[in-house]
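To start, the structure itself, in structure tokens.
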Amino acid sequence: MKTLFFISSVLLTALFSSAHAVPNNRSYSCDSPIFCEGPILKAVQMAGLFSDSKTFVDMPTKKPEVEVLKAFEKINGANASRADIKQFLEDNFMPAGTEVTPLHNINIPKLDWIDDISNPDYRGWAEHLNEAWGNLTVTFDYSNLCHGCVTSALPVNRPFVVPGGRFREFYYWDSFFVIKGLILSKQFKLAEDMIENFFDFIEEYGFVPNGARIYYLNRSQPPFLAHMIDVYYEETGDKDFLLKALPILEKEYHHWMRDRSIEVTNPRNDNVYTLNHYAVNNKYPRPESYVQDFNTVNTGTDFSDEEKEQLYADIAAGAETGWDFSSRWTRQKQPSPDQVENYEMLRTINTANIIPIDLNSLLWYYERQLSTWYSMFHRKSKEFKKKSIYYRQQAKKRLDAMEELMWNDDFNSFYDFNLTSNEQNVEYTPATLYPIWVGAFPEKFMKDKTTLSKVFDQTEEALQKYPGILTTSYYNTTLQWDWPNGWPPLTYIAIQSLRQVELLLNSERNSNDSNIVASTSQGTSFNVLSTVLAERYAASAFCGWINTGGSIPGVLEKLNSSTEDAGHMFEKFDVNTIGLSGSQGEYVSQIGFGWTNAVALWVLNLWPNFTAPDCTQTIVYDF
Ligand SMILES: *[C@@H]1O[C@H](CO)[C@@H](O)[C@H](O)[C@H]1NC(C)=O
Ligand SMILES: *[C@@H]1O[C@H](CO)[C@@H](O)[C@H](O)[C@H]1NC(C)=O
Ligand SMILES: *[C@@H]1O[C@H](CO)[C@@H](O)[C@H](O)[C@H]1NC(C)=O
Ligand SMILES: *[C@@H]1O[C@H](CO)[C@@H](O)[C@H](O)[C@H]1NC(C)=O
Ligand SMILES: *[C@@H]1O[C@H](CO)[C@@H](O)[C@H](O)[C@H]1NC(C)=O
Ligand SMILES: *[C@@H]1O[C@H](CO)[C@@H](O)[C@H](O)[C@H]1NC(C)=O
Ligand SMILES: CC(=O)N[C@H]1CO[C@H](CO)[C@@H](O)[C@@H]1O
């Protein structure tokens, strides 16, 4: 008996470790009996003890997992009363985020460029934002958890910056903007740490999860790692870092190509292209939004089990897009007049049937950069040269597909491609600017740059229509990635696109006597457009902060001395009124806030001569 047991355990170990050796084939999913789908999660979430479903799944246990499971049985498991569940939580769990440990003592360097900001209010605010990294930098510290206690936090080795509010862990695409901000703030080590945490995730899971929690393990977020590596390398010139990054970036790229690609036939000529979409293998409520998802799928509906599973999958895929949620993914574009919750619109979500222009632009950038970077190191290995050629071809194929299927000559714009209608969704959103931002220009743009001079016409119209930052769409849906919300990352991408195309057209003019000017069809120069958007952004974030109690000692007093609040940096803004936070969506608007602070620092760095507005007045920046 003893020998047999010994042999089988050796066998098991061998099997287990061989599974370890091929992490790409391993399926990672949320498998905790507490924080993932199962009777405990359902009972606790549906008891409705917290206004935000994310609270419970961020609560570490204060007893070993086995004891918590027993305690749940003791209160009758799925049949437990609300009062018993409340007691069960008190007895067995610590407050949400107990394992998140702030690093208040990070070193905040003084930034010379802040001295160049001419306006004292904006200068003081920039100093405040530079210091604010100290309040957003944390680590996971498990030392206050008992032996056998469990948490939903994914193990990470280095500190990181969180967005803030309910977002107690780091997020994938948020981190690109945060890293831009950290570099401006000379927090190079922290920027590198954040990128290395993502490297570890890719080594471990084969891809970058949406965020650093176990319940994010079956989905990612917009792939920004190539951009993170790019800005870090541009700043440091660290070739060893780049060399180490390449195989990891490739591994992530393969995840997108293996698990998120789809063949699309061009209805006009039957050419078949490979493009990417967001699509998540999931058939349950997202643990962190359990109640919302459960109600969306079940309350007052008569969906079949199959339809329910499809809906859960498309909801999770909607979260993977980073635009959670938006009319970009829903069949219905307008809520019905009697809609009480945004459930109804979300029920028409159809994420996987959309080929998003932003996702494909980002992956084109992976291909382009992998090709460029491998070619940089081509002397190191023959293999690298081959890879460089391979990725160049991949980029070309994708760009051809984007041009064929997603470029629209009538509107001088790229659009998402809808697999149901087999047509573009001709609707303005700033996602149209991603190809411009990453530089995915079809050849015909380069031959005749007139086209390129028109790609901002629709963005100009959006900026004329509303006084604030760029709207996310024209649909009034109650979803947070729609009108009237404007978002810092999209503002960044719009401004940066305008600056890049302006530079390109101007250098063309100088070198080639071209008569194409960097201005829209209406005659507004790209420089004016980017400056106005930047001014509106700075004013929106600044007045949002001032209006909620922000102040600068010796420079600007609190507007309302009775408020205890010390100023909020909002995650999103209302495009109708400068200084107002955005709203709506499935959780209350968050403050903190990683990408908002980063984009504000970036704007002030580029436009040191902006003047802070009087936030008590109506603020207008026209062009
Ligand atoms: C809950 O109650 C139902 C009906 O009384 C019973 O069939 C079921 O076994 C109970 N479940 C648990 C986990 O106690
Ligand atoms: C950091 O947080 C502390 C405590 O909440 C607050 O007093 C301080 O103003 C914050 N500092 C910044 C720069 O946000
Ligand atoms: C895709 O096209 C179908 C058919 O025209 C349309 O009903 C649907 O609203 C579109 N889907 C999205 C997400 O826009
Ligand atoms: C936007 O939608 C909300 C809710 O459906 C409605 O109350 C509001 O009047 C709409 N606003 C506009 C400008 O259409
Ligand atoms: C200038 O024009 C020539 C011929 O039209 C073209 O080959 C060249 O690439 C152009 N230069 C730049 C900087 O675009
Ligand atoms: C900002 O203003 C100063 C003083 O008026 C001027 O010297 C400087 O060139 C301006 N900088 C920019 C970037 O416009
Ligand atoms: C909520 C949840 O855990 N959803 C899914 C995560 O991914 C696996 C597949 O890897 C699904 O089976 C789960 O349902």
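For clarity, every value in this text was computed on a predicted model and none was experimentally measured.
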**Prompt:** Rounded to the nearest 0.5 Å, what separation is found between the NZ atom of K333 and the CG atom of N476?
**Reply:** 14.5 Å
**Residues E461 and Q522: side-chain donor-acceptor under 3.5 angstrom** = no
**Message:** What verdict does the side chain to side chain donor-acceptor pair (under 3.5 Å) test give for N130 and S185, after you've listed the backbone C-alpha separation in whole Å, the side-chain angles of each residue and the deciding distance to 0.1 Å?
**Reply:** CA-CA 6 Å; N130 182 40; S185 290; 3.0 Å; yes
**Request:** For K558, look at atom NZ and say whether over 12 heavy atoms of other residues, nucleotides or ligands are found less than 6.0 Å away.
**Result:** yes
**Request:** Identify whether the distance between the nearest side-chain nitrogen and carboxylate oxygen of E252 and R260 falls below 4.0 Å.
**Result:** no
**Item:** Spatial distance of atom CH2 (W483) from atom OH (Y475) [nearest 0.5 Å]
**Value:** 14.0 Å
**Prompt:** Taking C-beta and beyond as the side chain, do Y366 and Q394 meet within less than 4.5 Å on heavy atoms?
**Reply:** no
**Prompt:** Under 6.0 Å between the ring centres of F610 and W607?
**Reply:** yes
**Asked** Do D358 and R328 sit within salt-bridge range, that is, some charged N less than 4.0 Å from a carboxylate O?
**Response** yes
**Prompt:** Between the side chains of N119 and T611, does any donor sit under 3.5 Å from an acceptor?
**Reply:** no
**Asked** Between N412 and W407, is any pair of side-chain heavy atoms under 4.5 Å apart?
**Response** yes
**Message:** With a 6.0 Å cut-off on the ring centroids, do W173 and W595 count as close?
**Reply:** yes
**Prompt:** If you look at every heavy atom in A612 and F542, which pair is closest and at what distance?
**Reply:** CB-CE2, 3.8 Å
**Message:** Would you compute the distance between atom OG1 of T478 and atom CD of E344 and round it to the nearest 0.5 angstrom?
**Reply:** 9.5 Å
**Message:** Check whether N485 reaches the backbone of Q480 with its side chain - one donor and one acceptor, N or O, closer than 3.5 Å.
**Reply:** yes
**Item:** Donor-acceptor under 3.5 Å (R536 side chain, Y621 main chain)
**Value:** yes
**Item:** Criterion side chain to side chain contact (heavy atoms under 4.5 Å, CB included) on V517 and N506, from CA distance to verdict
**Value:** CA-CA 7 Å; V517 289; N506 284 345; over 6 Å; no
**Message:** Nearest 0.5 angstrom please: W437 CH2 to S497 OG, how far?
**Reply:** 8.0 Å
**Request:** Please state whether the rings of F456 and F526 are parallel, tilted or perpendicular, taking 30° and 60° as the class boundaries.
**Result:** perpendicular
**Request:** Evaluate side chain to side chain donor-acceptor pair (under 3.5 Å) for N425 paired with N418, printing each intermediate quantity in order.
**Result:** CA-CA 6 Å; N425 271 357; N418 179 336; 3.2 Å; yes
**Prompt:** Does the side chain of L505 come within less than 4.5 Å of K449's, by heavy atoms?
**Reply:** yes
**Asked** Please walk me through it: do K180 and E234 pass salt bridge (Lys or Arg N to Asp or Glu O under 4.0 Å)?
**Response** CA-CA 11 Å; K180 279 290 290 182; E234 282 301 309; over 6 Å; no
**Asked** Under 30°, 30 to 60°, or over 60°: which ring-plane class applies to H128 and W545, parallel, tilted or perpendicular?
**Response** tilted
**Request:** Would you mind checking if D409 and K444 are paired as a salt bridge, meaning a charged N to carboxylate O distance below 4.0 Å?
**Result:** yes
**Message:** Run the side chain to side chain donor-acceptor pair (under 3.5 Å) test on T616 and D614 for me, step by step, so that the C-alpha distance in whole Å, both residues' side-chain angles and the decisive distance to 0.1 Å come before the verdict.
**Reply:** CA-CA 6 Å; T616 63; D614 175 352; 2.7 Å; yes
**Asked** Would you say the side-chain atoms of D482 pair up with the backbone N or O of S326, donor to acceptor, closer than 3.5 Å?
**Response** no
**Request:** Report yes if the side chains of F623 and L529 come closer than 4.5 Å at any heavy-atom pair, otherwise no.
**Result:** yes
**P488 to V599 - nearest heavy-atom pair and separation** = O-CG2, 3.9 Å
**Message:** Tell me whether D174 contacts the main-chain N or O of F170 through its side chain, where contact means a donor paired with an acceptor under 3.5 Å.
**Reply:** no
**Student check: side-chain heavy atoms of R286 and R219 closer than 4.5 Å** = yes
**Message:** Quick check on the 6.0 Å ring-centre criterion: do Y492 and W602 meet it?
**Reply:** yes
**Pair N276, R398: side-chain N/O donor-acceptor within cut-off below 3.5 Å** = yes
**Message:** Determine whether the aromatic ring centres of residues F177 and W487 are separated by less than 6.0 angstrom.
**Reply:** no
**Request:** Indicate whether any N or O donor in one side chain lies under 3.5 Å from an N or O acceptor in the other, for S413 and T432.
**Result:** yes
**Request:** Say whether, by atom type as modelled, one donor and one acceptor occur between the side chain of R123 and the main chain of I117 under 3.5 angstrom.
**Result:** yes
**Message:** Minimum heavy-atom separation for S473 and T429, please, with both atom names.
**Reply:** CB-CG2, 4.3 Å
**Item:** Centroid-centroid under 6.0 Å between F224 and Y172 rings
**Value:** no
**Message:** Quick check against the 3.5 Å criterion: does Q221 have a side-chain atom that pairs as donor or acceptor with the backbone of G211?
**Reply:** no
**Item:** Summary of disulfide (SG to SG under 2.5 Å) pairs that have at least one residue in residues 449-547, sequence neighbours excluded
**Value:** C543-C615
**Note: E443-K447 ion pair, threshold 4.0 Å (strictly below)** = yes
**Asked** With distance as the sole test, does S525 use its side chain to make a donor-acceptor pair with the main-chain N or O of V528 at under 3.5 Å?
**Response** yes
**Item:** Main-chain N/O of P267 paired with T265 side-chain donor or acceptor, under 3.5 Å
**Value:** no
**Asked** Counting N and O atoms only, with roles assigned by atom type, does the side chain of H277 sit under 3.5 Å from a partner on the main chain of A352, one being a donor and the other an acceptor?
**Response** yes
**Complete:** Rounded to the nearest 0.5 angstrom, the CG-CD distance for D52 and Q292 is 7.0 Å
**Item:** E169 vs K54, salt bridge (Lys or Arg N to Asp or Glu O under 4.0 Å): CA-CA, chis, key distance, verdict
**Value:** CA-CA 12 Å; E169 48 287 317; K54 194 169 180 299; 2.7 Å; yes
**Asked** Just wondering, do L370 and Y365 contact through their side chains at under 4.5 Å, heavy atoms?
**Response** no
**Message:** Contact between I179 and I195 at the side-chain level, heavy atoms closer than 4.5 Å - yes or no?
**Reply:** yes
**Message:** If you apply the rule side chain to side chain donor-acceptor pair (under 3.5 Å), what do you find for D565 with T548, and how did you get there?
**Reply:** CA-CA 6 Å; D565 286 353; T548 52; over 6 Å; no
**Prompt:** Do Y253 and W256 have their ring centres less than 6.0 Å from each other?
**Reply:** no
**Item:** Shortest non-hydrogen contact between N609 and D116, atoms and distance
**Value:** OD1-O, 4.5 Å
**Message:** Tell me if the aromatic rings of Y428 and Y415 count as close, with their centers under 6.0 Å from one another.
**Reply:** no
**Donor-acceptor pair, side chain of Q424 and main chain of L405, under 3.5 angstrom** = yes
**Fill in**
All heavy atoms of A440 vs all of F414, minimum pair found to be O-CZ, 4.2 Å
**Prompt:** Would you say V264 and F417 make side-chain contact, with heavy atoms under 4.5 Å?
**Reply:** yes
**Prompt:** Q334 and Q332: which non-hydrogen atoms are nearest, and at how many Å?
**Reply:** O-NE2, 2.8 Å
**Prompt:** If you measure from CG on D293 to CG on L311, what distance do you get to the nearest 0.5 Å?
**Reply:** 8.5 Å
**Request:** Compute whether any side-chain donor of one residue and acceptor of the other, for T520 and E460, lie under 3.5 angstrom apart.
**Result:** yes
